[in-house]
Structures are given as C-alpha cells and as structure tokens.
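Okay, so here's the structure we're looking at.
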2 protein chains.
Amino acid sequence: MDAESIAQVRRFNRTVGERIGVLHDHFLGTDRPVGEARLLWEIGAEGRDVRRLRDRLGLDSGYVSRLLRSLERDGLVTVEPQEHDRRVRTVRLTAAGRKERAVLDERSDELAELILTSLNERQRTRLTAAMAEVDRLLTAGTVSVEELDPAHPDSVACLGAYFDELSERFEEGFDAALSAVPDAGVLGPPHGVFVVARLHGEPVGCGGIHLGGDEPPYIKRMWVAKSARGLGLGRRLLAELEAYAVRSGARSVRLETNGELREAIALYRSAGYEEVPAFNDEYYAHHWFEKPLDG
Amino acid sequence: MDAESIAQVRRFNRTVGERIGVLHDHFLGTDRPVGEARLLWEIGAEGRDVRRLRDRLGLDSGYVSRLLRSLERDGLVTVEPQEHDRRVRTVRLTAAGRKERAVLDERSDELAELILTSLNERQRTRLTAAMAEVDRLLTAGTVSVEELDPAHPDSVACLGAYFDELSERFEEGFDAALSAVPDAGVLGPPHGVFVVARLHGEPVGCGGIHLGGDEPPYIKRMWVAKSARGLGLGRRLLAELEAYAVRSGARSVRLETNGELREAIALYRSAGYEEVPAFNDEYYAHHWFEKPLDG
DNA sequence: TCCATTCTCTGACTTTAGTCAGAGACTTCT
DNA sequence: AGAAGTCTCTGACTAAAGTCAGAGAATGGA
C-alpha cells in the first residue's frame with residue numbers, strides 16, 4: 001500500500017473525526033445518553049427484533065436490555081414477544097418515541113446544514129459529490145460475500161427480489177417456470193455454488209454457478225439490489241463464481257442474458273465475456289456469452 | 001439548502017461514523033482509555049501548553065489535569081511551568097511517551113490500510129481522491145476570517161511568512177523597503193482594514209485594504225499559507241476586503257501584483273478584475289488591476 | 001501595594017458505558 | 001417427553017468520562 005494513500009486516508013479520518021464525529025455526538029446526545037439515542041434511532045419506524053438491534057450496534061445483550069428498560073420507563077418504546085417465536089422480542093416505538101426520534105432526525109438535518117452553510121454553491125456541489133463517492137466506496141468495503149444454500153431464506157429473498165425486478169423490466173413480464181433453470185437447487189452443492197452478498201447483514205445480491213458434466217460451468221441468477229448498485233458488487237460476485245469454476249478445473253464459463261439488462265451486458269463485456277452463438281434454449285435470453293479462464 | 005444535499009451529507013455522516021469512527025476508537029483505545037490516548041496524541045512532538053490542550057479537545061480543566069496526572073504516573077509526560085508565565089504549564093512527552101505515541105501513529109496507519117485493503121486499485125485511487133476533496137472542503141468550512149490590527153502578532157506572522165515567500169519566489173529576492181506600502185500600518189484602521197484567516201486558531205492567510213482619499217481603495221498583502229491552499233481562501237479574503245470597500249462607499253477597488261504570482265493573477269481575473277494601466281510605481285508590480293463594485 | 005483575573009490543581013461527586021454469570025421462558029431436535 | 005439450544009432479562013460489578021466548587025499560586029493593572 002503506498003504511503004501517500006495511507007497519509008490521505010489518515011488526514012481524512014482526522015478532519016472528519018473532528019468536524020463530524022464530535023459535532024454528531026454533541027448534537028444527538030443533548031437530552032439523552034448517546035447509547036439510548038443510537039438505540040432509539042436504530043429501532044426505526046417499523047420496529048425491530050431485540051437481537052437484530054444488538055447485532056447492528058454490536059452491544060452486549062444485558063446492556064441492550066437495560067437501555068430498553070430505560071426507554072420503556074420513559075414511555076418511548078414497547079417491547080413485546082414476537083408472534084411466531086415467543087423467545088424473540090420485538091421493540092416498537094410509541095407515539096412519544098416517534099416524536100423523540102423525529103427530533104433526532106431533525107438534529108441530523110441541522111448538523112448537515114451546519115456543514116454546508118459555511119460553503120458557497122460551487123463548493124457545496126463538489127462536497128456532496130465527493131461525499132457520495134466516499135460513501136459508496138466505504139460501503140463497498142463492508143459488503144461481504146458468502147456461499148449459501150440456495151434454499152436459505154436469504155437466498156430465497158434475493159431470488160424473489162430478482163424475479164420481481166425481471167417482471168417489472170421485461171415488457172412481457174417474467175415467469176420463472178419458463179426459465180431454463182427453474183429450480184435454483186442445481187446452483188447449490190454438490191454441482192455448483194450459490195453466493196449471497198450482504199451489507200450490514202442484509203442480503204443485497206446473489207449469483208449461482210452450475211457445473212454441468214462436460215459442458216463449461218454455467219452462471220445464472222446474478223442480481224444486485226438497487227440500493228447496492230454502483231459498489232462494484234456485480235463484478236465481485238462474478239469474480240467469486242469464476243474463481244469457483246477455476247478451482248473446479250473449468251477452462252471457461254458461460255452465461256446468457258436478456259437484452260433489457262443493459263448494465264449486466266456491459267459488465268459481462270468489460271469482464272472479458274465474448275458473445276457466442278446460443279448454447280441453450282433459455283426462453284428469456286437474447287445474448288449468450290462465454291469467457292475463457294486461464295487460471 | 002436543498003434536501004438532496006442534506007440527505008447526502010447525512011448518508012455520508014452515517015457511513016463514515018460507522019466505518020471510521022467506531023474502528024478508530026477501538027483501534028486507538030486498546031491499551032489505554034480513549035481520553036488519554038487522544039491527549040497523548042494531541043500533545044505532539046514539541047510539547048503543548050495545558051490550556052491549549054484543553055481548548056483543542058474541549059475538555060474540563062479538572063478532567064485534563066487528572067488525565068495528565070495519570071500519564072505522568074506512567075512516565076509518559078512531564079508537566080512544567082512555562083518560562084514567561086508560571087501559571088501556564090507546558091506538557092512534554094518523555095522518551096517513553098514518544099514511543100507510546102509512535103504506537104498510536106502506527107495504529108492510525110493500520111486503520112487506514114484496513115480501509116483500503118478491501119478495495120481494488122481503481123477504487124482505491126477514486127477513494128483517496130474523493131477523500132482529499134472532502135477533507136479540503138470540510139477544512140475550508142472551519143476557516144474563520146477576522147479583522148485584526150496589522151501590528152497584532154498574528155498579522156505580523158502572516159506578513160513575515162508572506163515576505164519570506166516573495167523572497168523565495170522572486171528571482172531578485174524581495175525587500176519590503178522598496179515596496180510602495182512599506183508600513184503595513186496604513187492597511188489598518190482608521191483608513192483601512194486588515195483581515196487574518198485562521199485554521200484551528202493558527203493564522204493561515206491575510207490581506208489588507210487602504211482607503212486613499214479620492215482614489216479607489218487599494219488591496220495589498222494578500223497571502224495564503226501553503227498548507228491552506230486549495231480551500232478557496234484567497235477568494236474569500238478578497239471578498240471580505242471588497243465588502244469593506246463597498247461599505248465604505250467605494251465604486252471600485254485596485255491592486256497590483258508581480259508576474260511571478262500566477263495563481264494570484266488567475267484569482268484576480270476570475271474574480272472580475274481587469275488589467276489597467278499602471279496607477280502607481282510599486283517596484284515589484286508587473287500588472288495593475290481594477291474591479292468595479294456595484295453594491 | 002492591593003485587587004481582580006488567570007491558570008491549574010484537588011476532592012467529591014454523577015452519569016455512561018459496558019462486562020459477566022446465571023436464571024427463566026420458550027423452541028427445536030431426537 | 002426429554003435434552004439441548006436460543007433469547008432476553010436481572011443482579012452485581014467495573015472502568016471511563018465528565019462535572020462542579022473551591023483552593024492556591026502567579027500575573028497584570030490601578
């Protein structure tokens with residue numbers, strides 16, 4: 001790693017820590033300890049399971065419990081057992097809690113404004129653009145990719161979201177039953193692998209590969225959630241699947257795609273895929289690609 | 001302020017807070033409470049007065065005192081009365097203290113590396129570029145500009161640094177005695193104003209304007225420290241001085257500059273200054289400018 | 001010289017933030 | 001049905017972080 005990059009990151013950490021970190025805690029924590037405020041914020045408008053809260057904030061279970069008790073005493077939240085599993089408890093904001101949360105929300109806005117007001121129009125535009133870039137790239141660094149059973153709830157959630165998106169984007173809609181690999185099962189072990197990307201624990205992308213005897217392996221169901229686009233995640237999932245193919249001794253990989261999916265096509269081309277004649281009769285495919293693997 | 005900018009700043013605050021803030025404290029605070037570590041860091045290689053430390057970190061005097069006592073017990077710092085004012089005490093790092101500080105330094109590097117390693121080469125370049133931009137603009141937002149007596153030590157420091165820089169940049173050197181406004185005093189009240197820019201309390205830029213009877217006011221001694229360039233500070237100082245001219249009822253302002261000072265010339269042109277025939281006999285001037293003020 | 005002010009320190013506190021070891025209610029697996 | 005495991009909670013702690021009211025030394029100005 002070159003020293004100049006490291007020095008730049010350090011300068012950034014310092015400036016941002018001073019300018020935002022400090023202000024942030026001061027702003028949020030005026031009426032209420034920071035711990036409680038963070039918790040209140042993290043509960044969200046919909047309510048959340050206690051264990052999720054703990055995970056998200058990385059706190060001890062006893063500690064969270066105590067914080068919740070304190071918020072409950074102040075009438076800001078209610079804690080009730082979940083319908084289906086009465087061990088798990090769900091926290092929900094009361095009307096007062098929502099109000100308090102709205103105050104935090106406002107404070108966040110004020111802080112943001114405070115940062116922007118000292119700049120002129122042009123600087124402001126540049127700052128927000130640069131912040132968006134930093135935000136995107138830092139977020140990209142926290143996405144994890146793991147192999148998962150295609151039947152795992154998170155895999156199923158990804159595939160569902162993918163199919164929904166296809167229905168929306170294809171003029172004729174999308175029916176999984178017409179698609180050549182109707183059962184996602186073949187994408188999992190033993191003849192393949194299915195990977196899921198997570199951001200803060202939430203599944204935000206997936207992809208699978210199937211090893212088919214003498215034929216080159218076949219990549220399918222590549223998807224990235226709208227909220228996680230622009231992070232280079234598609235490329236990363238693709239690389240993961242190709243690496244698996246290489247480990248399995250494959251000399252090339254194949255995939256096909258629909259003409260509507262322009263970003264995907266661009267990704268495949270830029271990742272070294274070449275268009276080839278149709279190698280299957282996938283109903284929704286317009287383009288067939290193959291990439292040689294020299295690993 | 002538009003909502004989208006605010007939303008972007010908030011997203012940024014959140015991501016950065018999670019990714020850097022949290023890691024930062026964890027990294028620094030492994031052997032030593034965060035408070036002590038921050039203090040140790042802030043003392044710096046040269047030593048620092050206790051009250052400056054307090055100011056910089058925004059802490060209670062009793063608290064700082066206690067932290068220092070703890071660091072002293074561990075043999076990391078020495079605290080001694082200042083030469084000239086024995087009420088003020090100066091903290092200095094011992095050899096052991098410098099060693100401990102070097103460890104913190106290394107941790108900072110490691111944290112920076114950690115952030116970069118999860119990215120590929122291209123993303124890394126983009127990230128550091130964007131960070132530099134954010135850093136610059138956030139810093140720009142904390143620079144304050146105030147009117148100051150030209151004889152104030154900070155004004156004198158700026159002018160000294162300015163003259164040193166001119167000596168370096170002009171092939172023939174620079175001698176203030178040959179310059180048309182030899183006494184900076186005329187730039188202060190009652191016939192003018194002298195402004196100094198500060199970043200974290202340190203003077204980093206200056207400029208003065210002199211109202212000369214029937215002639216248009218005359219801007220002189222505009223300077224920005226190397227460490228503070230790229231923040232749009234020159235433009236800001238200029239605007240400040242022009243605003244003063246407007247308040248004084250002037251219809252235009254004038255200035256002259258040396259051909260070596262290319263950034264300055266570019267700034268003047270882009271700020272609306274037009275080159276005019278020489279209106280004085282400043283020894284070091286090559287270009288004379290005037291800008292109409294319609295305020 | 002005296003008085004107001006500045007600066008740092010000490011003692012006596014409080015509040016936050018967090019850890020750890022169970023206990024008890026509930027689910028899931030066999 | 002019984003055992004093993006999950007999830008949340010309580011009690012009993014500790015360490016860190018910070019506040020507040022003086023006390024005491026030193027300084028600057030009238």
Side-chain angles (χ1 to χ4, degrees), chain A residues 17 21-22 24-43 47-74 76-92 152-153 201, chain B residues 17 21-22 24-43 47-74 76-92 104:
Chain A
V22 176
H24 186 257
D25 289 359
H26 259 254
F27 255 72
L28 289 190
T30 35
D31 318 322
R32 197 163 281 288
V34 182
E36 288 184 16
R38 284 205 299 158
L39 200 62
L40 197 59
W41 181 262
E42 210 62 49
I43 290 166
R48 240 192 196 77
D49 292 351
V50 172
R51 66 171 156 185
R52 271 193 86 92
L53 279 177
R54 238 180 11 234
D55 267 21
R56 195 77 165 80
L57 296 169
L59 299 173
D60 175 84
S61 84
Y63 184 34
V64 169
S65 180
R66 222 172 301 277
L67 289 175
L68 286 175
R69 228 44 61 225
S70 157
L71 292 175
E72 218 173 9
R73 245 197 323 281
D74 292 355
L76 302 179
V77 304
T78 58
V79 184
E80 282 177 350
Q82 212 191 52
E83 275 284 282
H84 302 296
D85 183 344
R86 298 179 51 78
R87 290 169 306 180
V88 182
R89 309 192 71 193
T90 304
V91 193
R92 260 177 263 277
H152 185 283
Chain B
V22 177
H24 185 256
D25 289 358
H26 259 256
F27 254 72
L28 289 190
T30 36
D31 318 324
R32 196 164 282 288
V34 181
E36 289 184 17
R38 282 205 302 156
L39 200 62
L40 197 59
W41 181 261
E42 210 60 50
I43 290 167
R48 238 190 199 80
D49 292 350
V50 171
R51 66 171 155 183
R52 268 193 86 92
L53 279 177
R54 239 183 5 235
D55 266 21
R56 196 82 164 78
L57 297 169
L59 300 174
D60 174 85
S61 84
Y63 184 34
V64 168
S65 180
R66 225 172 299 276
L67 288 175
L68 286 174
R69 230 44 60 223
S70 157
L71 292 174
E72 218 174 10
R73 247 197 322 282
D74 292 355
L76 301 179
V77 304
T78 58
V79 184
E80 282 177 350
Q82 213 193 51
E83 275 285 281
H84 301 296
D85 184 343
R86 298 178 53 77
R87 289 169 305 182
V88 182
R89 308 191 72 193
T90 306
V91 194
R92 260 178 262 277
L104 295 180

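Protein chains get the first letters and strands the later ones, always in sequence-line order, with residue 1 at the start of each.
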Whether B:R66 contacts D:dA16 is assessed here as follows: a side-chain N or O lying under 4.0 Å from the phosphate OP1 or OP2. Is that the case? no

From CD of B:E72 across to C1' of C:dC9 the rounded distance in Å is 12 Å

Is there a side-chain contact between A:R69 and the phosphate of D:dT10, meaning an N or O under 4.0 Å from OP1 or OP2? yes

Ignoring the backbone of B:S65, work out which of D:dT8, C:dA25, C:dC9 is nearest its side chain. C:dC9

With heavy atoms under 4.0 Å as the rule, sort A:G35 into base, sugar-phosphate or nothing. sugar-phosphate

A:R51 CZ - C:dT27 P separation (whole Å): 12 Å

In whole angstrom, give the distance that lies between atom CG of A:L59 and atom C1' of C:dC20. 15 Å

What does B:R52 touch in the nucleic acid at a heavy-atom separation under 4.0 angstrom: a base, only the sugar-phosphate, or nothing? nothing

Please report the distance, rounded to the nearest Å, between OH in A:Y63 and P in C:dT16. 9 Å

Nearest heavy-atom pair of B:P81 and B:R86: which atoms, and what distance? CB-O, 3.9 Å

Using atom NE2 of A:H84 as one end and atom C1' of C:dT28 as the other, report the distance to the nearest whole Å. 16 Å

Of all heavy-atom pairs between B:Q82 and B:T90, which one has the smallest distance, and what is that distance? CG-OG1, 3.7 Å

